Protein chains: 2
Amino acid sequence: MTSIAREDYLKAMWKLGSSNIGTLELANHLKVTPASTTKMILKLSENGLVRHKPYKGASLTEIGLKQALSVVRRHRLLETFLSKTLGLSNESLHVEAERLEHALSKDLENSIAKYLNNPVRDPHGHPIPGPNGEIFNNEDILLSECPISSTIIIRQVPDEDSEILIWLKHNGVSLGQKMYIKSKNNFDDSLVVEINNSLIEISSNMSKLVYVTIE
Amino acid sequence: MTSIAREDYLKAMWKLGSSNIGTLELANHLKVTPASTTKMILKLSENGLVRHKPYKGASLTEIGLKQALSVVRRHRLLETFLSKTLGLSNESLHVEAERLEHALSKDLENSIAKYLNNPVRDPHGHPIPGPNGEIFNNEDILLSECPISSTIIIRQVPDEDSEILIWLKHNGVSLGQKMYIKSKNNFDDSLVVEINNSLIEISSNMSKLVYVTIE
DNA sequence: TAATATTATTAGCCGTGGCTAAACTTTATA
DNA sequence: TATAAAGTTTAGCCACGGCTAATAATATTA
Ligand SMILES: [Mn+2]
Ligand SMILES: [Mn+2]
Ligand SMILES: [Mn+2]
Ligand SMILES: [Mn+2]
């Protein structure tokens with residue numbers, strides 16, 4: 001019934017948002033052809049995990065959403081576990097969790113959660129869904145949405161692209177770090193921020209991947 | 001090229017011994033039909049991992065053996081890791097490792113090995129093959145082969161059957177435990193052994209699953 | 001040694017999850 | 001608004017790893 005491929009599709013759909021997910025969009029995310037994606041969407045649709053309006057888009061049903069969140073929970077618990085025990089770098093966690101997430105039994109998931117004291121954030125600051133899909137209510141907002149002249153604290157960094165993660169780390173953008181937003185360049189929406197008395201420029205794309213809270 | 005199924009076949013063949021492995025034997029071990037097994041043997045044979053004489057049996061090639069040992073290494077490292085970190089019971093380790101073993105990258109394998117200080121035994125006492133398949137030279141012998149009136153120390157217990165493991169634990173047969181072999185019943189080769197001043201009977205089958213050293 | 005039982009292989013089927021190429025919708029553009 | 005472009009689906013192929021049923025080889029035993 002469930003399989004690695006299906007779990008990856010459900011998780012990808014969850015990441016891409018709640019409704020009208022395009023076939024191409026999903027296909028690109030999973031590095032698979034649109035034809036394969038349509039086929040899988042139909043399969044998941046038959047199984048009640050996905051709603052599909054031909055040529056219009058797809059979205060997760062309640063059941064599908066729950067399964068997706070279960071995969072996300074396993075992924076983020078694993079990242080947290082590997083980080084804590086082995087001290088793996090933030091950049092290498094994601095790729096490992098991406099495979100292990102499909103091999104975790106409910107029992108082992110529970111053991112790990114208990115061992116970690118039921119964490120609500122993973123090493124990238126991402127919320128870890130609870131055993132029934134509950135996500136704690138965080139107030140994090142996108143860095144790109146912050147007003148100029150605000151002092152902010154970094155809360156979430158992306159986990160998928162290790163190059164981005166390395167760049168962020170190298171420039172002092174890590175969880176808990178305070179920053180001051182100096183200005184925004186209107187031509188490309190890039191930000192100039194001050195970290196530890198040094199100025200760095202954060203591109204618009206980058207600022208849409210980082211979540212913060214305003215101090 | 002590699003896959004979960006293939007890794008499980010190679011590992012099973014390694015477990016079943018070095019030569020002339022029967023199709024039925026392998027099929028039973030993997031809970032699969034003989035027809036499926038023949039098919040896979042042919043596939044692995046084409047790929048140079050297995051030698052096959054039709055109707056006579058199969059065995060691992062050098063390359064196949066190396067890959068099998070790599071799976072065994074991952075399996076046993078995982079058992080050790082989960083035991084150490086999460087404190088999982090010896091009975092529950094195997095089934096978890098059975099799935100996770102296929103999702104472990106070389107990097108993660110190395111990290112875990114380092115974290116554990118390159119252990120040479122897993123929680124069941126089984127030798128952990130090195131990164132190139134080397135198995136340390138242990139002197140463990142089967143309990144069933146021990147002479148009467150010898151004092152022995154338990155070195156390895158089986159990992160696949162949690163019921164057996166629970167029985168052994170319940171009767172005080174655990175790693176490092178000293179026992180004295182009192183007698184052997186000739187009619188069924190069962191042993192009577194003394195552990196901590198109490199006598200227990202160990203069946204012939206059971207005594208072929210436990211490795212010991214003579215003190 | 002001939003019949004029988006056991007073991008192994010082959011043939012052919014199925015579901016899964018990829019792919020390409022072609023057809024079809026929808027959206028954008030001239 | 002007709003045409004082109006972009007996005008989506010369908011059709012049909014493939015490898016994988018299961019399965020059953022039929023056949024073939026080997027081992028046992030009468
Ligand atoms: Mn995955
Ligand atoms: Mn993460
Ligand atoms: Mn396995
Ligand atoms: Mn073991």
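Note that the structure is predicted; figures quoted are calculated from it, not measured. Chain naming here is simple, since letters A, B, ... match the order of the sequence lines and numbering starts at 1 in each.
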In whole angstrom, give the distance that lies between atom [atom1] of [X] and atom [atom2] of [N].
| X | N | atom1 | atom2 | result |
| --- | --- | --- | --- | --- |
| Leu44(B) | dG17(D) | CG | P | 9 Å |
| Ile21(B) | dT7(C) | CD1 | P | 16 Å |
| Asn20(A) | dT27(C) | CG | P | 11 Å |
| Leu26(A) | dT8(D) | CG | P | 10 Å |
| Lys39(A) | dT10(D) | NZ | P | 12 Å |
| Met40(B) | dC19(D) | CE | C1' | 14 Å |
| Leu24(A) | dG7(D) | CG | P | 6 Å |

Any [X] side-chain nitrogen or oxygen under 4.0 Å from OP1 or OP2 of [N]:
| X | N | value |
| --- | --- | --- |
| Tyr9(B) | dG18(D) | yes |
| Ser36(A) | dG18(C) | no |
| Thr23(A) | dG7(D) | no |
| Thr33(B) | dC19(D) | yes |
| His52(B) | dA8(C) | no |

Taking only Lys NZ, Arg NE, NH1 and NH2, and the carboxylate oxygens of Asp or Glu, determine whether Arg76(B) and Glu79(B) approach each other closer than 4.0 Å.
no

Under a 3.5 Å distance rule, please check whether [X] uses its side chain to pair with a backbone N or O of [Y] as donor and acceptor.
| X | Y | value |
| --- | --- | --- |
| His75(A) | His102(A) | no |
| Arg155(A) | Tyr211(A) | no |
| Thr61(A) | Gly48(A) | yes |

Judged by each residue's nearest nucleotide on DNA chain C, which is more toward the 5′ side, Ser3(A) or Pro54(A)?
Ser3(A)

Nucleotide of dA27(D), dT10(C), dG7(D) approaching Lys56(B) most closely (side-chain heavy atoms):
dA27(D)

Closest approach to the side chain of Tyr55(B), judged atom by atom: which nucleotide of dT10(C), dA25(D), dT8(D) is it?
dA25(D)

Within the structure shown, what part of the strands sits under 4.0 Å from Lys43(A) by heavy-atom distance: base, sugar-phosphate, or nothing?
sugar-phosphate

Could you check whether Thr37(B) gets within reach of a base, just the sugar-phosphate, or nothing at all, counting any heavy atom under 4.0 Å?
nothing

For Lys11(B), the option from Glu98(B), Arg6(B), Gln67(B) that meets side chain to side chain contact (heavy atoms under 4.5 Å, CB included)
Glu98(B)

